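If you're wondering where the values come from, they're calculated on a predicted model, not measured in any experiment.
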Amino acid sequence: MSGQLTLEPSTAIPWNQRPAALVTVTAARLLARVSPRRLRQVLELASRGARPADLPQALQARNAVVSVSVTIAGPRCLERSIATALLCRLGGTWPQWCTGVTTRPFAAHAWVAVDGDAVGEDPDAVTDFHLVMSVPARR
């Protein structure tokens, strides 16, 4: 066994928020399978007309998707970040959606940010990543 699976901390969310979180998790699973070009197109379309998300909105969305899906609470950062952004969009806002890489050792990561700060992530860990793709809120 090479390592231990670490899950994101989960918080209880109101029952009325669960359906929207489950819908965005399902959509994120599908979108995580498309090409990066197509994913960017879809996310840019989704972000149009949205207000920029603030930290409480983005964190609440992230907590909601993590609480309804064990797989998203695990190593699936791409799905987690897509679902978080889409759940924010259902509320009329959009965080900055980001992907990046680091080379020593090589790793890729996806996250959402507000005002340049990663939401729900270890800030020191995310600063090691070079931003490759970003979809900010579009007015």
[X] side, atom [atom1]; [Y] side, atom [atom2] - distance, nearest 0.5 Å:
X: Asp115; Y: Asp54; atom1: CG; atom2: CG; result: 9.0 Å
X: Trp111; Y: Asp122; atom1: CH2; atom2: CG; result: 12.5 Å
X: His130; Y: His109; atom1: NE2; atom2: NE2; result: 14.5 Å
X: Gln96; Y: Ser47; atom1: CD; atom2: OG; result: 11.0 Å

Mark yes or no for whether [X], through its side chain, and [Y], through its backbone, hold a donor-acceptor pair below 3.5 Å.
X: Thr102; Y: Ala107; value: no
X: Arg62; Y: Val119; value: yes
X: Arg80; Y: Ile72; value: yes

Report task. Dump the intermediate steps for side-chain contact (heavy atoms from CB on, under 4.5 Å) on Leu90 and Thr24, then the final yes or no. Result -> CA-CA 9 Å; Leu90 289 178; Thr24 60; 3.7 Å; yes
Please check if [X] and [Y] belong to a single hydrophobic cluster, counting links between Ile, Leu, Val, Met, Phe, Trp and Tyr side chain heavy atoms closer than 4.5 Å.
X: Val65; Y: Leu55; answer: no
X: Val114; Y: Ile82; answer: yes
X: Leu87; Y: Leu59; answer: no
X: Val135; Y: Leu78; answer: yes
X: Trp94; Y: Leu31; answer: yes

**Report entry** Side chain to side chain, Thr71 and Arg29, heavy atoms closer than 4.5 Å
**Finding:** yes
**Report entry** Exercise: identify the closest heavy-atom pair between Glu79 and Ala32
**Finding:** CG-CB, 3.7 Å
Query raised in the report: For the residue pair Ala61 and Thr84, what are the closest heavy atoms and their distance?
Result: CB-O, 3.7 Å
Query raised in the report: Taking atom types as modelled, is there a side-chain donor on Ser69 or Arg76 under 3.5 Å from an acceptor on the other?
Result: no
